[in-house]
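Below: the structure, in structure tokens.
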Amino acid sequence: MSEISKAYEPQSVEDKWYDFWLKQNCFTADPKSSKPAYSIVIPPPNVTGMLHMGHVLNNTIQDILSRKARMDGKEVLWLPGTDHAGIATQVQVEKALKKEERKTKYDLGREEFLKRVWAWKEKHGGIIINQLKKLGASCDWTRERFTMDPEYSRCVQKVFVELYKKGLIYRGKRMVNWCPVSQTALSDEEVEMKPQKGFMYHFKVQVAEIVGQASSLSQTSGRKDGDRLEACPTGAEIRLTDTWLTIATTRPETIPGDTAVAVNPKDPRYAHLIGKHIIRPLPIQLPPEKKLIPIIGDEHVDFEFGTGVLKVTPAHDKADFEIGQRHKLPVVDIMNANGTMNDLAGESLAGLDRFEARSVSVERLQELGVMIEEKPYENNVGFSQRADVPIEPRLSEQWFLKYPSVESSKACVEQADTSVGRASSRAANDQDGSPATSPDQKMRFHPDRWAKVYDHWLTNIQDWCISRQLWWGHQIPVWRRGPEWYEKQTKETRRASYEFLQQVSSDKSGDMTLKGWAANAEMEPDDFEFLEFQRVEVCLAPGKEDVARKLEDLGFTQDPDVLDTWFSSWLWPFATMGWPETIETLKKFYPTTDLVTGPDIIFFWVARMIMAGYEFMGEMPFKNVYFTGIIRDKQGRKMSKTLGNSPDPLELIAKYGADALRFGTMRSAPLGQDVLFDEKDVELGRNFCNKLWNACRFRQMQGGEVQGEIDPKLLSSDDKWILLKLDAAIREITEALNTYNFSTAVQALYRFFWSEYCDWYVEASKAILQSNDSARKANTLAVIDFVLSHTLRLFHPFLPFITEELWHGMGFSKEMPENQGGQTIMFAPWPKALDEDFKNFYGLSGQDKKFIETRNEFIVQGRNLRRNANIPANKKVKFIFRPAGQTSATDVEVLKLLLNAETVEVNPNFQPSKNDLAVRADLGELFLPLEGLIDVEAEKARLKKEIEKADTEISKVEQKLANPNFTEKVPAKVLEEHRQRLADWQNKLAHAKAALAALES
RNA sequence: GCGCGGUUAGCUCAGUGGUAGAGCACUUCAUUCACACUGAAGGGGUCGCAGGUUCAAACCCUGCACCGCGCACCA
């Protein structure tokens, strides 16, 4: 660092060191290492995503943890990678395709479209990885994984096969959350409830009776979905009554799909109508006998709500579907997959979007004269999280997973109310701050309140809809054949098919699982020969491509659906480590130590990973989960593209440097709270780096090599004070990191370095550095070197680039063994707090601390004198010091420097004249002779204020001490503190009064 | 409806029973001094409200208000 620039220029430093670290393989984890393991798996960003502030927060924390662990002597694996992000990526490519070629995915076909997605991934997939590198992320890039890597895909498939075999994965016709824009089913977690303003429509329907063969009406269960509803059997007659029912609904467009009207059987108003019918008003064109639907009784109906009469639309409402199941109602689906109405909705609605259909339905009801009122109404509607449109409950065939290992997953997380309190940290039973591990150790969430949220979710989970009607993703490894196949076969081909399937079913490896159904009943494999199945499916493990081909020859086709992206992400902690094919990495690094993620994916990802961990590894996937806050703008709004309030981290890095961005982000990210991001914080980070830079530059300008030995005999009080402050800072920062209190750690660093070291210590040390005493000078430099070399290490996890640059530039690297800081600060040992031996050897005691604190207070008062006398900061003045006791020449020199005095004359017998300003403290008295040009009134005012303050404090303390209840009950220590405080204030009062009297005399 | 979090200086937040704090912002002063990406000094708060426990409450308890979030949800 011979020619060190005046200001720190991160741009010239960051890439250099990142390349250096990569070339030296500093980030590469060695599973054969004898060091204790520390591991984190990255929450994989979307492969084609761009770095945003959430990533910055999240990955900075992981980098801090990783770098700290390396300095603690751990073998660190921070495993990076990306997620294929099914819907998001597919939508991106579809959009580009439309824009550039005006084509849809159907124009290309599945195979060609997937080629395009892969090409897109190749082109954009590296972007976010490079952005993470810019940030300084010390990931082991040799192990970068992607959720659609061949090995990873095999892992997903293997897991599917296992769960299928156990019967936990099954296909079923269910009501699912359908996104009409993405045209796929979604899991419950992907649905977001939003309040929506709309109307509650009240319309009336006429009750009808059937004369004749009414009993045959209940035989509707045999209908197939979509059959035209014909409630009135031929030959029977409909007789309209005088009774009308009023129905309340928010979705009149679904009337054509209504197959019953339900009332509560206990509702005295309507119970007697159960069994009668009504005539559905829509579709208008249909004759009344085709719109006759029954009035049923169901406990689900709340008679307080609406009119107490519920229209039942089994095809378009989850609750209605269940009612339909109970009463064997037909299910009439009146919509297409894209959310438009189909022919069953009637001529006037068919082809319309569901929301257009709503207003048209309202018009029709008005025309019919049955609309009674339209009340503005707000209700919660489920929205597709991705497409931001209301989801449509839809009956469809999907794959579901019954969650495995739920009980162990519930039991393994330390619950908030049973933990020992906030101090319980990973350091609780481990002195050096490493995570405690024992077989029965529980997983901890930080902050622990998330454990309750997790537990609640796990208690109420429903089966997970894992199939998606997309192309980009892991295709479901099941080959299926329907009953239609048989009709076209000869006896011989059936025989061949049977024989092959028998081979498959007798497979003992578990790689092939066969299931067959006939007449809607699952069959035992032995029965296959005798029955014609309606459906057969075969689930295949990886490596069975030959079987798949053969099955395809036999009329089977692979299920076209792909798996929910989270069905691959939930395996991330072990699939990335090579499971099940290689175990070396797993053995060393699984379970991982920490997981750092946002609470918004606690259900999507964290909970599911825990279940997968237990199910497939028999063990928790991580020991600690740190939940970051959500990054918001400074007004507290979520960051979003549309608001334009989401800064580009890369721009911030270019402007301020990566260290500055990291520092600023961490400083404002308290444990478990949302982070209000303000560019000012990054600016502060930049300023801080510059301060650090210049503090080192100052040391360099003093010349000389790194000073190793500190001579205890030559230490000044300031030296001892800063060593004690360093000790406190090491303790505070280490503890803060052990408890994941990153912002506390950053603030402690800031305070220690800027206020304590730069503002006080360096300024005071100039008294010696500017003297001619070369021995003491060298000793001071030794203290500075000691403090700086510790400081750089304390800073390294937060500010990796500048600390590396300075570590080498200052020559500290030369003082360390090659693999412990010699090569890079990354592996320099984390500073240890000063122990008793050290403190005894160097004579560090509380007395030194107290002395400097008092001295500094004295200096502040002295500066205050100048200020009150309106003496400009650049004007040097004479002070006279009347010491209360012994004083050294150095102390006086420091006073002179810090007061910016021309001289400080030491005169034990000084007699002030009446206009001299003075401050008095334990150290002695300081006089500022004024020689006329002063603002006596300002000083008087200040003293009066001080007297007032002292009086208030004194009376407060006196009052307490006068209370026998207080003096008798309070601990001795507190009592002593109060007495001391009283004495201090009385002392101050006396000083101030004397000064005032002097001015007034 | 149930649950969680929050309410402290103009702003953002620390502060788990014993003297109310930090950073930013603000006011004033200082540029050949390692650093103006700087230094020095200063002003600014009945700790959301009401009760209770205690010698002592920002802190513990109860209730309330407001803000935010999650879960559930009736058409």
Side-chain angles (χ1 to χ4, degrees), chain A residues 4 6-8 193 200-201 247-251 254 262 300-313 317 319-320 323 377 379-380 416 421-423 447 449-450 452-453 456-457 460 599-600 602-603 630 634 636 656 660 667-668 670 672-676 678 680-681 683-702 741 743-744 747 750-751 754-755 758-759 762-763 766 770 859-860 863-868 870-875 898-900 942 953 956-957 960 963-971 973-975 977-978 981 984-985:
Chain A
I4 184 164
K6 198 169 170 178
Y8 173 56
M193 298 306 277
M200 179 70 88
Y201 302 95
I247 300 176
T249 181
T250 53
R251 299 198 63 190
T254 63
H300 171 260
V301 180
D302 175 356
F303 42 91
E304 306 268 307
F305 190 88
T307 58
V309 184
L310 173 68
K311 71 192 237 346
V312 183
T313 326
D317 185 282
D320 287 7
I323 296 175
Y377 184 71
N379 64 337
N380 279 327
R422 192 177 275 193
R449 61 190 156 84
W450 292 107
K452 209 169 172 177
V453 177
H456 182 252
W457 182 77
N460 297 297
D600 48 337
I602 184 169
F603 310 137
I630 291 169
K634 62 179 166 183
Y656 300 105
R667 216 187 79 85
S668 51
Q673 300 251 28
D674 286 355
V675 185
L676 300 188
D678 186 346
K680 278 246 147 89
D681 288 318
E683 202 179 312
L684 191 83
R686 189 241 351 231
N687 296 354
F688 188 79
C689 290
N690 193 55
K691 188 76 177 177
L692 180 60
W693 182 259
N694 274 290
C696 288
R697 192 159 86 101
F698 173 75
R699 162 65 187 91
Q700 287 301 87
M701 289 168 83
Q702 305 307 312
N741 281 292
S743 69
T744 308
Q747 278 168 37
Y750 188 95
R751 186 212 60 230
W754 202 308
S755 310
C758 290
D759 290 347
V762 172
E763 292 309 317
K766 285 175 183 173
Q770 288 164 10
I859 287 168
V860 170
R863 287 165 172 171
N864 204 321
L865 279 186
R866 295 178 55 120
R867 175 96 190 99
N868 270 282
N870 271 333
I871 298 166
N874 61 340
K875 187 169 163 67
L898 296 183
L899 287 166
N900 194 26
R942 188 186 70 84
E953 293 300 328
K956 264 203 249 175
V957 182
K960 274 188 167 184
N963 182 350
N965 262 330
F966 176 78
T967 46
E968 281 158 25
K969 290 185 184 172
V970 91
K973 195 186 150 206
V974 175
L975 189 61
E977 267 170 23
H978 278 75
R981 198 189 311 155
D984 286 349
W985 280 112

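To find a chain, count down the sequence lines: A is the first, B the second, and so on, and within it residues start at 1. Owing to the predicted nature of the structure, the values given are computational and were not obtained by experimental measurement.
- Nearest to the side chain of A:Phe698, among B:C74, B:G23, B:A34, sits B:A34.
- Between the side chain of A:Glu763 and the base of B:A34, at least one donor-acceptor pair of N or O atoms lies under 3.5 Å.
- If you take CD on A:Gln700 and CH2 on A:Trp693, they are separated by 9.5 Å, rounding to the nearest 0.5 Å.
- Taking side-chain N and O atoms only, A:Lys766 has a distance below 4.0 Å to OP1 or OP2 of B:A34.
- In this model, the phosphate group of B:A75 is not approached by any side-chain N or O of A:Tyr201 to a distance below 4.0 Å at OP1 or OP2.
- If you take atom C1' in B:U53 and the same atom in B:U62, they sit 11 Å apart, rounded to whole Å.
- Considering only side-chain N and O atoms, A:Lys452 lies under 4.0 angstrom from the phosphate OP1 or OP2 of B:C4.
- For A:Asn690, the side-chain atoms get nearest to B:C37 when compared with the rest of B:U12, B:C37, B:C74.
- The side chain of A:Asn900 places no N or O atom within less than 4.0 Å of a non-bridging phosphate oxygen (OP1 or OP2) of B:A40.
- In this structure, of B:C74, B:A36, B:C29, it is B:A36 that holds the atom nearest to the side chain of A:Lys6.
- Between the side chain of A:Asn380 and the base of B:C73, a donor-acceptor pair under 3.5 Å is found.
- Closest heavy-atom contact between A:Asn900 and A:Arg866: O-NH1, 2.9 Å.
- Pair assignment for B:C47 gives none, since no Watson-Crick or G-U wobble pairing has each distance under 3.5 Å.
- Donor-acceptor pairing under 3.5 Å, judged by distance alone, is present between the side chain of A:Lys691 and the base of B:C35.
- In this structure, A:Arg863 reaches the B:A41 phosphate: one of its side-chain N or O atoms is under 4.0 Å from OP1 or OP2.
- The partner of B:U53 is absent, by the rule that a Watson-Crick or G-U pair needs both atom distances under 3.5 Å.
- Comparing B:A75, B:A40, B:G23 against the side chain of A:Leu684 picks out B:G23 as the nearest.
- Using a 4.0 Å heavy-atom criterion, one finds that A:Pro971 contacts the bases of the nucleic acid, with or without backbone contacts as well.
- Taking only side-chain nitrogens and oxygens, A:Trp754 comes nearer than 4.0 Å to OP1 or OP2 of B:G39.
- Both A:Val974 and A:Leu676 sit near RNA chain B, but only A:Leu676 has its closest nucleotide nearer the 5' end.
- Using a 4.0 Å cut-off, some side-chain N or O of A:Asn864 falls inside it from OP1 or OP2 of B:G42.
- By the 6.0 Å and 45° rule, A:Lys766 stacks over the aromatic ring of A:Phe698.
- Under the Watson-Crick or G-U wobble criterion, with both distances below 3.5 Å, B:C71 is paired with B:G1.
- The base-pairing partner of B:A40, taking Watson-Crick or G-U wobble contacts with both distances under 3.5 Å, is B:U28.
- Comparing B:A22 with B:G45, their P atoms are spaced 14 Å from each other, to the whole Å.
- Within the structure, a side-chain polar atom (N or O) of A:Arg697 is placed less than 4.0 Å from OP1 or OP2 of B:C35.
- Residue contacts for A:Asp317: at a heavy-atom cut-off of 4.0 Å it reaches no nucleic acid atom on any strand shown.
- Across all strands, A:Leu310 comes closer than 4.0 Å to base atoms (heavy-atom distances).
- If you check B:A65 for Watson-Crick or wobble pairing at under 3.5 angstrom, you find it paired to B:U7.
- As rounded to the nearest Å, B:C33 and B:U38 have C1' atoms that lie 11 Å from one another.
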